[in-house]
Colleague: 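Structure in structure tokens, see below.
Not measured: the values here are computed from a predicted model.
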Amino acid sequence: MVSWDGAVMAFVGISAIGFLIADGEKRRVRYIQAMRRCLLRMNTLIRYEQPGLKALLERIDLRATPQDRELTRLLHACALRLDWCANPQLLLLFSGESARTAGYGVLSEEDKSAFETVLGELGRTGLYEQLRLIDNADERLRAREEVLRSESARRAQLIRTLGLTGGAAVFLLLI
């Protein structure tokens with residue numbers, strides 16, 4: 001027979017796991033928000049300063065959230081690798097860097113496609129074409145963010161409820 005303390009600890013532990021998993025549901029939304037902030041920064045840099053591709057990637061320095069910092073790190077790593085490439089293809093470099101990042105893996109291919117499309121065209125087209133691509137990608141990401149926000153809120157609530165219910169069931173079994 002388990003003591004009350006053990007039963008309460010099991011209840012709290014299982015409930016906490018449910019809340020932790022529910023928080024993970026919001027990571028996709030946070031990454032898309034980070035991508036949108038990155039695109040906004042790219043838009044501003046291209047529009048007003050017109051740096052080269054390597055300088056553009058190096059000048060993106062977002063630090064507000066862990067996802068911003070991770071995206072900044074990925075783009076800076078790509079900028080370093082541009083020096084060592086005879087024929088740099090930013091999208092391939094970014095794909096190689098992001099494959100090593102567990103956090104970026106929470107995104108689906110649909111989530112990634114708008115952002116990676118812009119990376120594939122940066123520095124290869126004219127100024128206005130790049131700005132148009134960034135605006136289109138931002139609009140696609142905004143729509144995707146809205147869909148994911150509503151879906152993740154429902155899933156997170158369900159997971160939290162299941163965690164509490166599972167914790168209560170284990171508590172009742174142990175007392």
Side-chain angles (χ1 to χ4, degrees), residues 20-159:
L20 184 65
I21 293 170
D23 184 55
E25 286 293 315
K26 297 186 184 216
R27 278 185 283 177
R28 286 176 68 190
V29 174
R30 290 184 199 125
Y31 260 105
I32 289 178
Q33 290 169 340
M35 288 176 178
R36 291 190 64 209
R37 284 188 291 273
C38 186
L39 289 175
L40 178 65
R41 180 70 177 137
M42 283 179 186
N43 189 333
T44 302
L45 287 170
I46 290 171
R47 184 178 306 273
Y48 298 112
E49 298 178 24
Q50 301 175 8
L53 182 58
K54 183 176 189 266
L56 173 70
L57 297 176
E58 290 172 341
R59 299 276 309 275
I60 295 172
D61 192 24
L62 304 172
R63 299 286 175 190
T65 66
Q67 290 80 17
D68 284 340
R69 290 188 291 275
E70 186 62 32
L71 206 50
T72 296
R73 187 195 64 75
L74 288 172
L75 294 174
H76 287 185
C78 290
L80 287 174
R81 292 185 64 199
L82 283 174
D83 283 342
W84 304 321
C85 295
N87 181 16
Q89 294 183 349
L90 180 58
L91 184 56
L92 294 175
L93 293 174
F94 186 80
S95 296
E97 290 296 327
S98 63
R100 298 182 200 138
T101 304
Y104 193 73
V106 300
L107 297 170
S108 70
E109 289 303 317
E110 187 179 355
D111 298 341
K112 297 175 187 178
S113 69
F115 186 72
E116 291 179 354
T117 298
V118 170
L119 293 180
E121 295 299 320
L122 277 178
R124 294 176 47 174
T125 59
L127 173 70
Y128 295 110
E129 180 65 19
Q130 289 181 57
L131 293 174
R132 187 184 64 72
L133 284 170
I134 289 172
D135 289 340
N136 289 344
D138 184 52
E139 182 57 32
R140 286 175 52 201
L141 285 172
R142 185 197 58 73
R144 189 73 185 138
E145 179 185 346
E146 287 178 12
V147 168
L148 286 175
R149 187 176 292 162
S150 66
E151 286 177 3
S152 69
R154 282 194 310 267
R155 279 195 311 266
Q157 181 63 38
L158 177 65
I159 291 169

Colleague: Within the distance-only criterion (no hydrogens, no angle test), does the side chain of Arg63 pair as donor or acceptor with the backbone N or O of Arg69 below 3.5 angstrom?
Modeller: no
Colleague: Suppose we screen for salt bridge (Lys or Arg N to Asp or Glu O under 4.0 Å). Which residues come up paired with Asp135, at least two apart in sequence or across chains?
Modeller: none
Colleague: Please name all residues satisfying salt bridge (Lys or Arg N to Asp or Glu O under 4.0 Å) with Arg47, sequence neighbours left out, ordered by chain then number.
Modeller: none
Colleague: Excluding sequence neighbours, so at least two apart, what forms side-chain hydrogen bond (donor to acceptor under 3.5 Å, both in side chains) with Lys112?
Modeller: none
Colleague: If you take all heavy atoms of Leu39 and Ala137, which pair is closest and at what distance?
Modeller: CD1-CB, 3.9 Å
Colleague: Please lay out, stage by stage, how Arg144 and Val147 fare under the test side chain to side chain contact (heavy atoms under 4.5 Å, CB included).
Modeller: CA-CA 5 Å; Arg144 189 73 185 138; Val147 168; 4.1 Å; yes
Colleague: Distance check, rounded to the nearest 0.5 Å: Cys78 atom SG versus Leu74 atom CG?
Modeller: 6.5 Å
Colleague: Within this structure, what is the NZ-CG distance for the pair Lys54 and Leu80, rounded to the nearest 0.5 Å?
Modeller: 6.5 Å
Colleague: Does Glu70 pair with Arg73 as a salt bridge, N-O distance under 4.0 Å?
Modeller: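 Answer for the salt bridge query: yes.
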Colleague: Can you tell me which residue among Leu71, Asn43, Ile134 is in a side-chain contact (heavy atoms from CB on, under 4.5 Å) with Cys38?
Modeller: Leu71
Colleague: With the threshold set at 4.0 Å, does a side-chain nitrogen-carboxylate oxygen contact exist between Glu145 and Arg142?
Modeller: no
Colleague: Checking Arg30 now: which residues fulfil salt bridge (Lys or Arg N to Asp or Glu O under 4.0 Å) with it, not counting sequence neighbours?
Modeller: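 Salt bridge (Lys or Arg N to Asp or Glu O under 4.0 Å) check on Arg30 returns Asp23.
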Colleague: Using the side chain to side chain contact (heavy atoms under 4.5 Å, CB included) rule, take Thr65 and Gln33 through it: C-alpha gap first, then chi angles, then the decisive distance, then the call.
Modeller: CA-CA 10 Å; Thr65 66; Gln33 290 169 340; over 6 Å; no
Colleague: Considering residues at least two apart in sequence or located in another chain, which fulfil the side-chain hydrogen bond (donor to acceptor under 3.5 Å, both in side chains) criterion with Glu151?
Modeller: none
Colleague: Do you know the tightest heavy-atom contact between Val118 and Met42?
Modeller: CG1-SD, 4.4 Å
Colleague: To the closest 0.5 Å, what do you measure between CD (Glu97) and CG (Leu75)?
Modeller: 10.0 Å
Colleague: At their closest point, which heavy atom of Ala64 faces which heavy atom of Asp68, and how far apart are they?
Modeller: CB-OD2, 3.4 Å
Colleague: Rounded to the nearest 0.5 Å, what separates atom CG in Leu122 from atom CD in Gln130?
Modeller: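 One gets 5.5 Å once the value is rounded to the nearest 0.5 Å.
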Colleague: What distance do Leu119 atom CG and Leu57 atom CG have between them, rounded to the nearest 0.5 Å?
Modeller: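 If we round to the nearest 0.5 Å, Leu119:CG and Leu57:CG are 7.5 Å apart.
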Colleague: Provide the closest heavy-atom pair for Leu127 versus Ile46 in the form atom of the first, atom of the second, distance.
Modeller: CD1-CG2, 3.1 Å
Colleague: What are the two closest non-hydrogen atoms of Ser152 and Arg149, and how far apart are they?
Modeller: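 Here Ser152 and Arg149 meet closest at OG-O, 3.3 Å.
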Colleague: Evaluate side chain to side chain contact (heavy atoms under 4.5 Å, CB included) for Asp111 paired with Leu148, printing each intermediate quantity in order.
Modeller: CA-CA 10 Å; Asp111 298 341; Leu148 286 175; 3.6 Å; yes
Colleague: For the pair Arg36 and Asp138, find out whether any cationic side-chain nitrogen is under 4.0 Å from an anionic carboxylate oxygen.
Modeller: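 Salt bridge present between Arg36 and Asp138.
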Colleague: To the nearest 0.5 Å, tell me how far Leu141 CG sits from Met35 CE.
Modeller: 6.5 Å
Colleague: Run the salt bridge (Lys or Arg N to Asp or Glu O under 4.0 Å) test against Arg154 and tell me which residues pass, sequence neighbours left out.
Modeller: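 Salt bridge (Lys or Arg N to Asp or Glu O under 4.0 Å) list for Arg154, sorted by chain: empty.
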Colleague: What are the two closest non-hydrogen atoms of Arg41 and Ile60, and how far apart are they?
Modeller: CG-CG1, 4.1 Å
